[in-house]
Number of protein chains: 2
Amino acid sequence: MADLVYQRVISALQQQINQGKFADLKLPNERVLAEEFNVSRSSVKKALNSLIQRGMIFQKQGAGTFINPLYLKNRPMYNISGDNVGVTDMYQKDGQHPDIQVLGFKVLPAKPEIQEALFLEPGEFVYEIQRLRAFDDQPFMIEDGFVPVKLVPDLTEKMIAGSLYNYLQESRNIFVTRSFLTISADVSNKQDQKLLKLKPVEPVGVMEGIFFTDRGTPIEFSHMRLHYKFMRYNTFTALN
Amino acid sequence: MADLVYQRVISALQQQINQGKFADLKLPNERVLAEEFNVSRSSVKKALNSLIQRGMIFQKQGAGTFINPLYLKNRPMYNISGDNVGVTDMYQKDGQHPDIQVLGFKVLPAKPEIQEALFLEPGEFVYEIQRLRAFDDQPFMIEDGFVPVKLVPDLTEKMIAGSLYNYLQESRNIFVTRSFLTISADVSNKQDQKLLKLKPVEPVGVMEGIFFTDRGTPIEFSHMRLHYKFMRYNTFTALN
DNA sequence: TAGTGGTCTAGACCACCGA
DNA sequence: CGGTGGTCTAGACCACTAG
């Protein structure tokens with residue numbers, strides 16, 4: 001895992017930042033970091049770039065590398081940003097994983113929409129996995145996911161009652177590290193209201209999209225409806 | 001603008017992709033591209049990386065570089081992804097810019113929350129800019145933005161009735177190219193319902209965050225409430 | 001003007017995919 | 001096995017910021 005040079009640098013910097021080592025919010029310059037870690041400046045740049053993507057730091061040409069003060073504060077209860085590991089840690093609350101209730105689990109031929117999203121041939125089968133996630137007694141997400149059978153032929157109901165991605169990671173060495181999501185909002189329907197404990201006027205957040213493994217293979221198409229108070233998506237966008 | 005090597009490569013590839021040059025969705029390999037464009041492989045990698053960030057393409061080790069078929073389809077009416085230029089083009093519909101109605105425009109001392117978000121000293125002044133954006137007769141966004149006076153001392157009401165970012169770009173050579181946003185949903189309030197023509201049960205999408213210039217300077221803190229049907233945020237996330 | 005990030009090159013070796 | 005992306009290095013020069 002950490003046998004890559006730039007990964008080592010990422011981890012080290014992340015730790016140092018979280019420990020508050022850089023009180024003035026300024027990191028050493030790239031050349032110094034390269035020497036400290038005994039790596040090339042390119043590798044330092046690659047590592048810093050990763051932290052920039054996450055919104056942890058930002059750079060200013062001619063001035064230096066700085067910690068984003070907002071990053072340290074903006075840690076919502078249930079967020080999606082994947083601090084370090086993978087999408088595994090998408091939904092967390094103080095490091096605690098949510099409870100999962102399985103609402104439905106079956107195998108069916110992929111509908112055209114799903115076929116396309118997951119790059120499947122007509123007639124290929126997918127699991128449909130319907131789950132409800134909750135923290136303590138507050139449900140916050142209804143999830144309707146589709147996973148190609150051929151990618152995980154041995155999936156069982158027990159496995160999906162836990163974290164599917166954790167299973168893939170630990171038992172199969174498949175890491176889910178990319179996603180392509182569309183985020184929107186919607187009026188809640190009867191089912192939403194019942195499952196998420198919502199009043200009729202209260203809306204849901206909707207997230208829909210595809211998750212990819214670190215090898216670029218699409219592994220899940222998912223449609224998620226979230227309690228509006230618990231949807232909080234942070235993005236950091238750098239164009240160009 | 002396009003005097004950078006990797007920018008040249010980005011533009012060229014983007015054009016070729018949109019023109020459908022790669023019918024099989026597969027791009028030439030990195031070494032070939034490097035030769036074609038007469039640049040180093042590193043520069044090709046940097047350009048490809050940019051396209052990956054935008055979700056246009058993805059790579060598979062040992063196999064090649066491929067166009068994301070979803071990218072070509074997922075072009076919502078009002079989206080936020082900034083294809084190429086800057087945040088300028090955030091809200092577009094068939095290349096048409098929205099109508100803007102100015103609801104309020106004044107100068108006031110920055111509140112603590114705003115101070116922090118924009119890295120201001122206590123007592124510094126900000127413009128508060130309240131606007132309503134619409135396409136044709138359908139309003140879709142209420143915007144409450146704060147911009148440091150010292151960054152744009154000569155701002156007038158006329159300028160904000162158009163695109164502020166366009167003005168900054170064309171007249172001041174300031175490019176707004178980064179954002180740090182939090183996306184959520186909320187029940188609509190009376191004002192939302194009136195301005196956005198919503199029924200009481202219909203929700204709003206909420207986007208709040210900071211925009212940065214290409215120099216890393218925070219230039220606007222913005223709170224946006226959107227008609228739920230017109231909020232569609234696409235993200236492509238690659239962890240690590 | 002010195003410090004710092006931005007860009008760019010040339011080349012080496014590794015890891016993975018598919019035929 | 002050949003093709004392809006992934007990682008990594010060493011070094012050069014440019015562009016911007018700040019004192």
Side-chain angles (χ1 to χ4, degrees), chain A residues 1-11 13 22 24-52 57-68 119 151 172-175 177-178 212-217 238-240, chain B residues 1-11 13 22 24-52 57-67 119 151 173-175 177-178 212-217 238-240:
Chain A
M1 196 51 176
D3 53 345
L4 294 181
V5 169
Y6 74 89
Q7 292 282 10
R8 236 181 52 225
V9 177
I10 289 174
S11 302
L13 286 176
F22 310 107
D24 54 353
L25 299 186
K26 188 171 194 301
L27 267 62
N29 78 54
E30 295 183 345
R31 289 165 179 87
V32 168
L33 288 174
E35 260 196 34
E36 265 181 28
F37 290 112
N38 226 311
V39 302
S40 72
R41 188 174 159 217
S42 306
S43 296
V44 168
K45 284 185 97 63
K46 181 150 189 173
L48 290 178
N49 211 46
S50 178
L51 300 182
I52 288 172
I57 62 173
F58 61 93
Q59 294 185 307
K60 239 174 135 168
Q61 184 173 138
T65 303
F66 306 88
I67 298 170
N68 180 354
F119 298 84
L151 291 183
R172 304 278 299 274
N173 219 37
I174 296 175
F175 290 76
T177 51
R178 290 159 199 256
F212 299 85
T213 69
D214 58 353
R215 298 280 173 276
T217 311
L239 304 168
N240 292 327
Chain B
M1 196 47 176
D3 54 345
L4 294 182
V5 168
Y6 75 89
Q7 293 282 9
R8 236 181 53 225
V9 177
I10 290 174
S11 301
L13 286 177
F22 310 107
D24 53 354
L25 299 186
K26 189 172 194 300
L27 267 61
N29 78 55
E30 296 182 345
R31 289 165 179 87
V32 168
L33 288 174
E35 260 195 34
E36 265 181 29
F37 290 112
N38 227 310
V39 302
S40 72
R41 188 176 160 216
S42 305
S43 296
V44 167
K45 285 184 95 64
K46 181 150 190 175
L48 290 178
N49 211 44
S50 177
L51 299 182
I52 290 172
I57 62 172
F58 61 93
Q59 295 185 305
K60 238 174 137 169
Q61 186 174 132
T65 303
F66 307 88
I67 297 171
F119 298 85
L151 291 184
N173 220 36
I174 296 174
F175 290 76
T177 51
R178 290 160 199 258
F212 300 85
T213 69
D214 58 353
R215 299 279 175 274
T217 312
L239 303 167
N240 292 326

Could you tell me the separation between the NZ atom of Lys60(B) and the P atom of dG3(D), rounded to a whole number of Å? 20 Å
Under 4.0 Å between a side-chain N or O of Thr65(B) and OP1 or OP2 of dG5(D)? yes
More 5' along DNA chain C: Gly62(B) or Ala63(A), using each one's nearest nucleotide? Ala63(A)
For dC8(D), take OP1 and OP2 only and decide whether either is under 4.0 Å from a side-chain N or O of Tyr6(A). no
Dot-bracket for DNA chain D, please. Rules: Watson-Crick or G-U, both distances under 3.5 Å, ( ) within the strand, [ ] when a pair crosses earlier ones, | for another strand, . otherwise. ||||||||||||||||||.
More 5' along DNA chain D: Val32(B) or Asn38(A), using each one's nearest nucleotide? Val32(B)
Tell me which residues in residues 39-47 of chain A put a heavy atom below 4.0 Å from DNA chain D, sorted by number, or none. Val39(A), Ser40(A), Arg41(A), Ser42(A), Ser43(A), Lys46(A)
Spacing of Lys60(A) atom NZ and Phe66(A) atom CZ [to the nearest 0.5 Å]: 6.5 Å
dG6(D), OP1 or OP2 - any side-chain N/O from Gln59(B) closer than 4.0 Å? yes
Looking at the base of dG5(D), is there any donor atom on it, or on the side chain of Arg31(B), that sits under 3.5 Å from an acceptor on the other one? yes
On a heavy-atom basis, the closest approach of Lys26(B) and Gly64(B) is NZ-CA, 4.3 Å
Could you state the CG-P distance from Leu4(B) to dC13(D), rounded to the nearest angstrom? 19 Å
Nearest 0.5 angstrom please: Tyr6(A) OH to Asn49(A) CG, how far? 11.0 Å
To the nearest 0.5 angstrom, please state how far the CG atom of Leu51(A) sits from the OG1 atom of Thr65(A). 10.0 Å
Please indicate whether Glu35(B) has more than 12 foreign heavy atoms, meaning atoms of other residues, nucleotides or ligands, lying under 6.0 Å from its CD. no
Spacing of Asn49(A) atom CG relative to dC8(D) atom P, expressed in whole Å: 14 Å
For Leu27(A) versus Phe22(A), what's the shortest heavy-atom pair and its separation? CD1-CD1, 3.8 Å
Check the distance between dG5(C)'s C1' and Gln61(A)'s CD and give it to me in whole angstrom. 5 Å
Minimum-distance nucleotide to Asn29(A) side chain [options: dT4(C), dA18(D), dC16(C)]: dT4(C)
Whole-Å distance, Ile57(B) CD1 to dG5(D) C1', equals 12 Å
Whole-Å gap separating P (dC8(C)) and CG (Leu33(B)): 16 Å
Can you tell me the distance, in whole Å, between the CD atom of Glu30(A) and the C1' atom of dC16(D)? 14 Å
So among Leu48(B), Leu33(B), Val5(B), which one has a side-chain contact (heavy atoms from CB on, under 4.5 Å) with Ser43(B)? Val5(B)
Rounded at 0.5 Å granularity, tell me how far CG in Leu25(B) sits from CD1 in Ile57(B). 12.0 Å
Interatomic distance, Leu48(A) CG vs dT7(C) P [rounded to whole Å]: 14 Å
